[in-house]
Undergrad: 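Okay, here's the structure, questions in a sec.
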Amino acid sequence: MAVLHTEKIHICALKKNRKQILEELQRTGRIQIEADTDEDEIFRHMDTASASSAFEKRAANAEEALKILETYAPEKTGMLSALEGKKAISLKEYEKGVEIREQTLKDISALLAYRKNIGEARAARVRAESALESLSPWMSLDIPMNSTGTKTTAVFIGSLQGRWTEETLMPALAEVRPDLRAYSLEILGSDRDQTCIFAVTDKSSAPVLEDALRVSGFVRPSVSCSSIPAEYAEVLKAQAADAVEDERQAQEDIRALAERRPALRFAADYYRMRAEKYRVLGGILQSGHVFFINGFVPEGEGEKLKDRLERKYTCQVEIEAVSDDEEAPVLLRNNSFAEPTESVVEAFGLPKKGEIDPTAVMAFFYYFLFGLMLSDAGYGILMVILCFVAVKKFPDMEKGLQKMLRMFFFCGISTIFWGVMFGSYFGDVIPVVAETFFHREVTVPALWFAPLDDPMKLLMFSFLFGIIHLFVGLGAKGYMLARDHDWMGLFSGVICWYALLVGLILLLLPSDMFASMAGVVIVLPSWVGAAAKWVSIVSAVCIVVLSESGTKNIAARLALGAYDLYGVSGWLSDVLSYSRLLALGLATGVIGTVINTMGSMLGGSVIGFILFWVIFIVGHILNMAINLLGAYVHTNRLQFVEFFGKFYEGGGRPFRPFSAESNKYFKFKEEE
């Protein structure tokens, strides 16, 4: 239950070694650098905002280039490639990637240019095809589209709304302008929306014809060209074909750069690291010749880092303990059994100063309660095998994902245990298969009892496990009070509560209500009942009188103490919360049994055999997924609300080292 705290580190080094020291600190990832704010005339901050922004832009461009490759030259990956994690590279491989960064930047620029070319080619093709489509009604026209006439004639080329014929259009024009005389009109094409026309008249009659056409809704064509439509259509087809070829060529050029994908990934992470380095650089104080770094390192690692830096560079490193009034970043240190559940504690909040790390104790109850909720040996075996294989096959997977798989590995072991205790192996698949396909009666007895046959027994034990869980949480509170020598708080806040709760439990056990719930009649000696009653009364009085002993006002102290005593109702609701152990445990078994029953409906025929295994596989995958999610959510809830509520607040500051953890694609190999 120890908390791994951090210790302070101070580094003073020559400015000429600044780049090497910062990069080494970033690679090792064991120091959290704190920004200094105490500027003076000599030591000032460096303005690194523009440099950091430039590197971020380069990283973003590299990511865009990778997206372009993924679009036009997708990488073939396996279904489990997401588990592979970041590629581990050595310092030599890193330096090799840095050496070719200029070429990589050229590749990035080329890929961005190719994407731009593709966009422009597609736009050109769309424009040509749209113009070609707009030109189609005018293909019978044998003069240029932009013709307006000759010295003595006026030409009108355009369209009218709606469908017209020469027999209907010419009378309509004459009705609009009776003075319309000599002109020639030809219908070039029509549909239900428009009619394309060609009209010609002498110059003197042009205004009259134009007025008549305008009243009828005449508009000039959207496509205008100096050649006849048939010739212009060929030009547009050639433009569309050229655009298609340009797009194809750009895509080929992109695919030719697919082999540069690893270098692009390196560049994305490299420039992310550079941006982070310059953000940190902007927060440290430096003069013309030296610079200072102040921060935190994990407890016990400061001297090792000091020796390493002083051996390689001209610098001075000092290590000092964190003062009692300073809230330092916190790290957790636990054994391999408890470490996987650190993410659960971190999700709630790291221990703040003065608190203990609850991970080790919580881990046991987490696995215990998770397995009780899922409680099927078949599901547990699958969990253990899948998690074990995944962790062994992909050793470089993300640390958080690896922790989660290890956590589910131990949860799977607990699930196997409870499945054996309750006699559940994929529900009741063994007796169902034996009876359906082999016509034999086979039973798999529960090592303890079957919850489906005696749910009230499981409910009573769920409450018992809950009380133990809560009592351990209260004990953790007592440990912290005793460690801090708060003996009054220990007595009134822990010992009296233990006495009160045990007394109330002893009063409940021989009651008719408990007998009706548990189906068991418990008879205790009369002196036990009397002692329990008086212990409860005395404990309640002590809680009221002593729990707020720091309050000087007697009335306020008693009122606050009474309010603390009212918390006994919270204990009742907390214990009742553990009924979810029964609910989820029964849900897994009931649904599994229903799935097996559905699968055996067609009996032992060939079709029945096939149907059984289809329903069995699909049904149990869904049942396992749903109940695994339910067990995960509700186990977390029992820790966060019930268990942590008795002693733990959280709120500690996490240790966030200056490192390459933000990288997406590579990480550094551990150095000796």
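It should be emphasised that the depicted structure is a prediction, and the values quoted were computed from it without experimental measurement. If you read the sequence from its start, that first residue is 1, and numbering goes on from there.
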Undergrad: Work out which heavy atom in P144 is nearest to a heavy atom in I228; give both atom names and the distance.
TA: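 Looks like N-CG2, 3.9 Å.
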
Undergrad: Is there a donor-acceptor contact under 3.5 Å from the side chain of S136 to the main chain of E133?
TA: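 Answer holds: yes.
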
Undergrad: Above 12 or not: heavy atoms from other molecules or residues under 6.0 Å from NZ of K57?
TA: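 Check fails, neighbour count at 12 or below.
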
Undergrad: Does T71 reach the main-chain N or O of K67 with its side chain, forming a donor-acceptor pair under 3.5 Å?
TA: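 Flag set: sc T71 to bb K67 pair under 3.5 Å.
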
Undergrad: Begin from the C-alpha positions of T37 and L285 and carry the test side-chain contact (heavy atoms from CB on, under 4.5 Å) through to its verdict.
TA: CA-CA 8 Å; T37 58; L285 294 176; over 6 Å; no

Undergrad: Specify the closest pair of heavy atoms between A121 and D246, including all atoms of both residues, with the distance to one decimal.
TA: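 Answer, listing the atom of A121 first, then D246: CB-CB, 4.0 Å.
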
Undergrad: Are W138 and I157 packed together at the side-chain level, in the sense that at least one heavy-atom pair is separated by less than 4.5 angstrom?
TA: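 Touching, per the 4.5 Å side-chain cut-off.
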
Undergrad: Would you say CZ of F609 has more than 12 non-hydrogen atoms from neighbouring residues, nucleotides or ligands within 6.0 angstrom?
TA: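 Check fails, neighbour count at 12 or below.
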
Undergrad: Would you check if the side chain of H45 reaches a backbone N or O of D36 as a donor-acceptor pair within less than 3.5 Å?
TA: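 Yes: the side chain of H45 pairs with the backbone of D36.
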
Undergrad: Hey, is the main chain of M273 close enough, under 3.5 Å, to the side chain of Q26 for a donor-acceptor pair?
TA: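 The answer is yes, because a donor-acceptor pair under 3.5 Å joins these two groups.
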
Undergrad: Going by heavy atoms in the side chains, are F156 and I197 under 4.5 Å from each other?
TA: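 F156 vs I197: side chains apart.
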
Undergrad: Scan side-chain atoms only and decide if T150 and T153 contain a donor-acceptor pair under the 3.5 Å cut-off.
TA: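 The answer is yes; a qualifying pair exists.
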
Undergrad: Between K667 and E661, is there a salt bridge with N-O shorter than 4.0 Å?
TA: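 Salt bridge: no.
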
Undergrad: Atom CD1 in I33, atom CZ in R279: separation rounded to 0.5 Å?
TA: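 Separation between the atoms: 12.5 Å.
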
Undergrad: Ignoring hydrogens and angles, tell me if any N or O in the side chain of T168 forms a donor-acceptor pair with the backbone of W164 under 3.5 Å.
TA: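 No, because the side chain of T168 does not come within donor-acceptor range (under 3.5 Å) of the backbone of W164.
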
Undergrad: If you round to the nearest 0.5 Å, how far is CD of Q194 from SG of C196?
TA: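 C196 atom SG to Q194 atom CD measures 4.5 Å (nearest 0.5 Å).
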
Undergrad: Give a yes or no answer on whether the side chain of K277 reaches the backbone of S52 with a donor-acceptor pair at less than 3.5 Å.
TA: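 Such a contact is absent between K277 side chain and S52 backbone.
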
Undergrad: Determine, step by step, whether Y278 and F55 satisfy the ring-ring contact (aromatic ring centres under 6.0 Å, His included) criterion, reporting the C-alpha distance in whole Å, the side-chain angles of both residues, the deciding distance to 0.1 Å, and the verdict.
TA: CA-CA 9 Å; Y278 272 83; F55 288 129; 5.3 Å; yes

Undergrad: Going from CZ on F426 to CD1 on I595, what distance comes out if it is rounded to the nearest 0.5 angstrom?
TA: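 The distance works out to 11.0 Å.
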
Undergrad: Donor-acceptor check, side chain of D202 to backbone of S204, threshold 3.5 angstrom: yes or no?
TA: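 Checked: pair present.
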
Undergrad: Do any side-chain atoms of residues 610-631 form donor-acceptor pairs under 3.5 angstrom with protein atoms, and if so which ones, sequence neighbours left out?
TA:
residue, atom, partner, partner atom, Å
H620, ND1, Y379, OH, 2.7
H620, NE2, N596, OD1, 2.9
N623, OD1, N627, ND2, 2.5
N623, ND2, Y379, OH, 2.7
N623, ND2, T588, O, 3.4
N627, OD1, T588, OG1, 3.4
N627, ND2, N623, O, 2.9

Undergrad: Could you give all pairs that pass the side-chain hydrogen bond (donor to acceptor under 3.5 Å, both in side chains) test and reach residues 227-241, with sequence neighbours left out?
TA: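 Qualifying pairs: none.
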
Undergrad: Near E70 CD, under 6.0 Å, is it more than 12 heavy atoms from other residues, nucleotides or ligands?
TA: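 Result for CD/E70: enclosed.
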
Undergrad: Check this for me: Q249, atom CD, are more than 12 non-hydrogen atoms of other residues, nucleotides or ligands nearer than 6.0 Å?
TA: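 It does: Q249 CD has more than 12 such atoms within range.
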
Undergrad: Mind running side-chain contact (heavy atoms from CB on, under 4.5 Å) on M383 and L374 for me, showing each step along the way?
TA: CA-CA 11 Å; M383 289 173 61; L374 197 56; 3.5 Å; yes

Undergrad: Check this for me: F408, atom CZ, are more than 12 non-hydrogen atoms of other residues, nucleotides or ligands nearer than 6.0 Å?
TA: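 More than 12 heavy atoms, drawn from other residues, nucleotides or ligands, come within 6.0 Å of this atom.
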
Undergrad: So does E245 pair up with R248, basic N to acidic O under 4.0 Å?
TA: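 Answer for the salt bridge query: yes.
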
Undergrad: Considering residues at least two apart in sequence or located in another chain, which fulfil the salt bridge (charged side-chain N to carboxylate O under 4.0 Å, His left out) criterion with R580?
TA: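 R580 satisfies salt bridge (charged side-chain N to carboxylate O under 4.0 Å, His left out) with no other residue.
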
Undergrad: Tell me whether D193 at atom CG has more than 12 heavy atoms from other residues, nucleotides or ligands lying less than 6.0 Å away.
TA: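 Buried by this count: over 12 neighbours within 6.0 Å.
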
Undergrad: Does T28 use its side chain to pair, donor to acceptor, with the backbone of E24 at less than 3.5 Å?
TA: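 Side chain of T28 to backbone of E24, a donor-acceptor pair under 3.5 Å: yes, one is there.
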
Undergrad: Are M373 and L638 close enough that some pair of their side-chain heavy atoms sits under 4.5 Å apart?
TA: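 The answer is yes, as the side chains (C-beta and beyond) meet within the 4.5 Å cut-off.
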
Undergrad: If we count only N and O atoms by modelled type, under 3.5 Å, do the side chains of T104 and R260 hold a donor and an acceptor together?
TA: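 Judged by distance alone, the side chains do pair up.
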
Undergrad: Whether E252 and R255 form a salt bridge (side-chain N of Lys/Arg under 4.0 Å from carboxylate O of Asp/Glu) is what I want to check.
TA: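 Yes, charged N to carboxylate O under 4.0 Å.
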
Undergrad: Compute whether any side-chain donor of one residue and acceptor of the other, for Q32 and E34, lie under 3.5 angstrom apart.
TA: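 A donor-acceptor contact under 3.5 Å links the two side chains.
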
Undergrad: Any donor-acceptor pair under 3.5 Å linking the side chain of R122 with the backbone of G119?
TA: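 No.
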
Undergrad: With side-chain contact (heavy atoms from CB on, under 4.5 Å) as the test, would you mind laying out the steps for S216 and L173 before giving the verdict?
TA: CA-CA 8 Å; S216 300; L173 296 176; 3.6 Å; yes

Undergrad: Could you go through the side-chain contact (heavy atoms from CB on, under 4.5 Å) check for M407 and K403 one step at a time?
TA: CA-CA 6 Å; M407 182 183 75; K403 276 188 175 183; over 6 Å; no

Undergrad: Is it the case that the side chain of T341 and the backbone of V344 share a donor-acceptor pair, with hydrogens and angles ignored and the cut-off at 3.5 Å?
TA: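 Not confirmed, T341 side chain does not pair with V344 backbone.
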
Undergrad: For T201 versus L209, what's the shortest heavy-atom pair and its separation?
TA: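 Smallest heavy-atom distance, with atoms named: CG2-CD2, 3.7 Å.
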
Undergrad: Is E129 salt-bridged to R125, going by a charged N under 4.0 Å from an acidic O?
TA: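 Salt bridge present between E129 and R125.
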
Undergrad: How far apart are the closest heavy atoms of M145 and P229, and which atoms are they?
TA: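 Closest approach of M145 to P229: SD-CG, 3.6 Å.
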
Undergrad: With side chain to side chain donor-acceptor pair (under 3.5 Å) as the criterion, how do Q402 and E398 come out once you've worked through the C-alpha distance, each side chain's angles and the decisive distance to 0.1 Å?
TA: CA-CA 6 Å; Q402 187 184 76; E398 292 297 322; over 6 Å; no

Undergrad: Shortest non-hydrogen contact from L83 to A390?
TA: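 Closest heavy-atom pair between L83 and A390: CD1-CB, 4.4 Å.
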
Undergrad: Please indicate whether E120 has more than 12 foreign heavy atoms, meaning atoms of other residues, nucleotides or ligands, lying under 6.0 Å from its CD.
TA: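 Enclosed: over 12 neighbouring heavy atoms sit under 6.0 Å from CD of E120.
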
Undergrad: Would you call K92 and E95 a salt bridge, using N to O less than 4.0 angstrom?
TA: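 Answer for the salt bridge query: no.
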
Undergrad: Should F218 and R220 count as side-chain neighbours, where that means a heavy-atom distance under 4.5 Å?
TA: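 Yes, close enough: below the 4.5 Å cut-off.
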
Undergrad: Provide the full list of ring pair (Phe, Tyr, Trp, His ring centres under 6.0 Å) pairs with a residue in residues 64-111, sequence neighbours left out, each pair given once.
TA: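 Sorted pair list: Y94-F266, Y94-F668.
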
Undergrad: What distance do M170 atom CE and T165 atom OG1 have between them, rounded to the nearest 0.5 Å?
TA: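 M170 CE to T165 OG1: 11.0 Å, rounded to 0.5 Å.
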
Undergrad: Quick check: are there more than 12 heavy atoms from other residues, nucleotides or ligands sitting under 6.0 Å from NZ of K203?
TA: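 Enclosed.
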
Undergrad: Is any NZ, NE, NH1 or NH2 atom of the basic residue among R272 and E276 found under 4.0 Å from an Asp or Glu carboxylate oxygen of the other?
TA: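 No, R272 and E276 are not salt-bridged.
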
Undergrad: Which residues pass the salt bridge (charged side-chain N to carboxylate O under 4.0 Å, His left out) test with R44, not counting sequence neighbours?
TA: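 If we apply the salt bridge (charged side-chain N to carboxylate O under 4.0 Å, His left out) test to R44, skipping adjacent residues, there are no hits.
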
Undergrad: Hey, what do you get for CG (D269) to NZ (K87), rounding to the nearest 0.5 Å?
TA: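 That separation rounds to 12.0 Å.
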
Undergrad: Report the distance from atom CG of L66 to atom OH of Y665, rounding to the nearest 0.5 Å.
TA: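 If I round to the nearest 0.5 Å, the distance is 5.0 Å.
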
Undergrad: Apply side chain to side chain donor-acceptor pair (under 3.5 Å) to R265 and list each qualifying residue two or more places apart in sequence or on a separate chain.
TA: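 If we apply the side chain to side chain donor-acceptor pair (under 3.5 Å) test to R265, skipping adjacent residues, the hits are E75.
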
